[in-house]
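As the structure lists them, so they are numbered: ligands from 1, and atoms in each ligand from 1.
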Amino acid sequence: MTATLIDGKAIAAELASENALRAARLRDAGTVPGLAVVIVGEDPASRIYVRHKALACEKAGLASWVHALPADTPQERLIGFLHALNADAAVHGILVQLPLPGALDARAVIGAIDPAKDVDGFHYRNVGALFVGEPALCACTPWGVMKMLEHEGIGVEGKHAVVVGRSTIVGKPMALLLLNAGATVTVCHSKTTDLPSLTRQADILVAAVGRARMITGDMVKPGAVVIDVGINRLQDGKLCGDVDQESVAKVAARLSPVPGGVGPMTIAVLVANTLRAAEKAAGIAAPRETRFA
Ligand code: GUN
């Protein structure tokens with residue numbers, strides 16, 4: 001078998017056009033949707049991510065503000081800054097880029113964001129809503145994976161989904177989304193014994209561990225759908241995922257690769273989440289043709 005690749009870039013482009021339509025509709029109704037991104041410190045990778053997020057907003061017709069604060073910003077000051085953004089009616093989405101430097105307590109900082117503006121879906125309120133299966137703002141990467149599966153006509157109900165990785169940003173919300181969609185879900189992680197015996201049971205395998213090419217062809221069930229969420233930088237500077245594409249492509253039926261898979265979806269979903277928050281604040285429904293909301 002040779003896996004058909006899932007073109008995340010193309011799906012994200014469809015989502016981006018839909019975002020532009022929704023933004024135009026909001027602007028016509030007198031609301032300019034806006035995202036405030038807060039970055040603390042000088043981490044070069046974080047600065048690049050943040051720039052991409054702001055650019056994606058501008059391309060879709062949203063306002064965006066990047067607030068760069070020094071690495072030694074005290075926690076109370078950062079929280080006070082977020083309270084001001086919470087109170088600013090022009091700001092519909094707030095995102096604090098992670099990781100935070102030094103002694104800053106990420107949970108306390110995220111907890112200070114108004115849940116209605118928490119477009120990362122990291123606030124306890126939104127995490128809790130996901131837990132009980134209520135609609136809420138949801139973490140962008142796992143939500144992007146769900147939208148990708150839906151777009152490709154890959155049903156989830158009744159399937160055995162195996163998620164490798166238990167991070168708060170990807171693994172845990174991914175497992176909950178799959179569970180809420182009717183999959184039987186196994187979550188594996190660094191302490192799992194005999195990982196291959198579990199990954200080989202997966203109809204849908206999501207790799208989100210952060211270890212370059214650790215999922216190899218012998219760990220995959222023939223005909224499985226494999227979604228690579230890893231972003232690892234190799235010594236030669238090249239980007240690679242958690243999946244060994246060469247060996248896995250010989251076994252899987254569908255493969256979302258790195259680069260060009262989930263990555264482009266994440267930012268498009270962030271813009272969609274901001275639009276959702278803005279639509280809710282303005283009391284305007286999403287256009288009927290919206291497929292990604
Ligand atoms: N750092 C890595 N991924 C993310 C993300 O999805 N959101 C935020 N805020 N920070 C991140």
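- Ion pairing between Glu279 and Arg276 fails under the 4.0 Å rule for side-chain N and carboxylate O.
- The main-chain N or O of Met219 is found under 3.5 Å from a side-chain atom of Thr199 such that the two form a donor-acceptor pair.
- Tyr49 does not count as a contact of ligand 1, since none of its heavy atoms falls under 4.0 Å from the ligand.
- To the nearest 0.5 Å, atoms CD1 (Ile39) and NZ (Lys53) are separated by 9.0 Å.
- Considering backbone and side-chain N/O of Thr266, none are found under 3.5 Å from N/O of ligand 1.
- Each of the atoms 9 (N) of ligand 1 lies under 4.0 Å from some heavy atom of Leu95.
- Summary of contacts: the protein heavy atom closest to atom 8 (C) of ligand 1 is Asp120 OD2, 3.3 Å.
- Between the CG atom of Asp244 and the CE atom of Met214 there is a distance of 11.5 Å, given to the nearest 0.5 Å.
- Among all non-hydrogen protein atoms, the one lying nearest atom 3 (N) of ligand 1 is Ile169 CD1, 4.2 Å.
- Of all atoms in ligand 1, listed by their number and element, those nearer than 4.0 Å to a heavy atom of Val96 are 8 (C), 9 (N).
- Of the heavy atoms in Leu98, both backbone and side-chain atoms come closer than 4.0 Å to ligand 1.
- One hydrophobic cluster, built from ILVMFWY side chains closer than 4.5 Å, cannot hold both Val40 and Val119; they sit in different ones.
- A donor-acceptor pair is defined here as one N or O able to donate and one able to accept, closer than 3.5 Å; such a pair exists between the side chain of Lys117 and the backbone of Asn86.
- When hydrogens are left out, the protein atom nearest atom 11 (C) of ligand 1 is Gln97 NE2, 3.5 Å; that is the closest non-hydrogen contact.
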